[in-house]
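Report on the following structure.
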Amino acid sequence: MLKQTLIDLLTQAAVEAQRTGKLPPVTLPEIALERPQNAEHGDYASSLPLKLARAIGLNPLTIANDLVSLIAPSPEVGQVVAAAPGFINFTLKSDWLARQVEAILKAGETHGNIKLETASRVQIEFVSVNPTGPLHVGHGRGAILGSTLANILAAAGYRVEKEYYINDAGNQIDAFYRSLYARYQQCLGKEAEMPEDGYFGGYMVDLAREIMAGDGDRFHNLPEAEVVSGIGRLGLEKIISQIKADLELLGVSFDVWFSEQSLHEGGQYQAVLSRLQQGGYISEKEGATWFVSTALGEDKDNVVIRSDGSPTYFATDIAYHYDKFLKRKFDTVINIWGADHLGHVSRMKAVVAALGIDPEQLKVIISQMVTLRRGGELVRVSKRSGDIITLRELVEEVGADACRFFFLSRTADSQMNFDLELAKKQSADNPVYYVQYAHARIASILRLARERGIDYEDGDVSLLTTEPELTLIRKMLLLPEMVELIASTLEPHHLTYYAQDLATVFHSFYKQCQVVSSNKALTKARLKLVKAAKIVLSRTLHLMGMTAPESM
RNA sequence: GCGCCCAUAGCUCAGCGGACAGAGCAUCGGUCUUCGGAACCGAGGGUCGAGGGUUCGAAUCCCUCUGGGCGCGCCA
């Protein structure tokens, strides 16, 4: 990658300076390159001299000048200059930039792919909403975060598996079964009371009706317990397939749908408990079984088996992570959880440590809450009361692409407002259209070239020399760096900003440079440029899980 | 009480310890004889919540405080 090439050049210069005695033999700090905000400072800048100055007590500008004189010539770099108070600024060569158009055309949709040294086998688990009701707006955030990260990690060279953990066991499922049974009885015209901890959403009534209409006969004259579990399981399946369909609508898919129930059936639950027991992490007190988190620096211990003998959510999650790390042997596991699971993070890391795994291998992204508003007024979201705006409703209103872009454009760390009225009203000047429009515009130019029978296969990219052209190329070359940045920080929101920047430089280029003109040679060169830009735009959109329309 | 997250332009938000703090929307003003005006160019607008500290250099790191959110269950 270009950035690494420059870092290498700088490192060599520093080593050379030390060899010849211009610099004392101190250990070099990690050499970082930044992108200067001001274009006058070149394409890349390093503050290495400023950092060195502290350690060796020399004037930073002197160090900068010494290093500049030792930087070897390279095909990429044109100018290297020292600048006050002690920066080294690199400017790329125009002819090298122009040649990158060919490189991008050759790479096609693989442009942007990199091979990170740290890339390994990674599992990313996200959404994993309890299948007791439809997905609501807040779930969309995790879904889009996860699927985009998966795309980017794959582009960075990771082997990625996407997983949805289905909580199909435990108390909530029990409550779901009993609620559905009550609704079912009511549909039959019988007296039935909803359980106190039940699910009161209207969808439960619809579900009961649907089951009655479709499978009602099957449950005649059966013992109550069998009816409860029978229609419960049926309802569960229907909800899960609805969740799948809703996610698909958003362009989110999974490689594995993992059943919590299978952890009990498969023996992982027993295996991990005895393993923790052997490690001395399990104790009995107050009639329950506890995981001794305090031994690992936690504030308090946590119950794994209740006094009634049933496992807690925490217990099965321990088994689940045992399965991820020790059975399926993922190198890295990423979990995307909502802010309401915050308290779960540190004890889960403690468990992982207790299993003999470096807790750093477990990365948990907490996505902060989404508060829903309708024209500024807060909309309460509660699955139990049934007052929810479903993800499906949202996608149908604003569209999958706009939905993805909107959720993606904020850091997971901060809470966001989602105003439904605003999302609808602004959909026309949503930045997503701005980016997609750039792509459609290029497609239109290429169509025109085809209609006029212009074959630009032999176009000479060295004719691309003007500022708007080179600015566009510079921006296109940034995609691999974005992939690297996002893969290492796990912060995909950067991509939305990159996409807008890329579209901006394209639109600006378009305004200033006629692509198809009477100058045949220049036309061919620019068609190549524009086609490369289309590749980069579509790749960027695809990484975000969005469509790259040929026209709109 | 303890822990995590947030506070940057009128609004929604970016900002990787570095060179005059950025974008979109909104406001105001320009650009249409040529490839898609869902476009382009420009202007105004900021004591980066407050106060200390570290540093050659702090929106960024540390401490204190204020305001908001979330979490600290034999719930999931």
Here's one to test your reading of the geometry: is the NZ or CZ of A:Arg347 within 45 degrees of the ring axis of A:Phe314 and under 6.0 Å from its centre? yes
Residue-phosphate contact under 4.0 Å: A:Arg347 side-chain N/O, B:C72 OP1/OP2: no
Between A:Phe258 and A:Tyr164 (judged by ring centroids, cut-off 6.0 Å), do the two rings come close enough to count as a pair? no
What does A:Tyr434 touch in the nucleic acid at a heavy-atom separation under 4.0 angstrom: a base, only the sugar-phosphate, or nothing? sugar-phosphate
Might you list the N or O atoms of the protein lying below 3.5 Å from N or O atoms in nucleotides 55-60 of chain B, with each pair's distance?
{"unit_1": "B:C56", "atom_1": "N4", "unit_2": "A:Arg54", "atom_2": "NH2", "d": "2.5"}
{"unit_1": "B:G57", "atom_1": "O6", "unit_2": "A:Arg54", "atom_2": "NH2", "d": "2.9"}

Note: contacts of residues 517-527 of chain A with RNA chain B (heavy atom, under 4.0 Å) are none
Does a distance-only test, which skips hydrogens and angles, find a donor-acceptor pair under 3.5 Å between the side chain of A:Asp501 and the base of B:A14? no
What residues in residues 473-483 of chain A put a non-hydrogen atom under 4.0 Å from any atom of RNA chain B? none
Atom pairs and distances, donor-acceptor, side-chain atoms in residues 29-36 of chain A, under 3.5 Å, two or more places apart:
{"unit_1": "A:Arg35", "atom_1": "NE", "unit_2": "A:Glu481", "atom_2": "OE1", "d": "3.4"}
{"unit_1": "A:Arg35", "atom_1": "NH2", "unit_2": "A:Tyr44", "atom_2": "OH", "d": "2.5"}

For RNA chain B, determine which residues of residues 282-289 of chain A have any heavy atom closer than 4.0 angstrom to one of its atoms, and list them numerically. A:Glu286, A:Ala288
For the pair A:Asp43 (side chain) and A:Leu92 (backbone), establish whether a donor and an acceptor sit closer than 3.5 Å, ignoring hydrogens and angles. yes
Residues touching RNA chain B, which here means a heavy atom under 4.0 Å, drawn from residues 314-323 of chain A: none
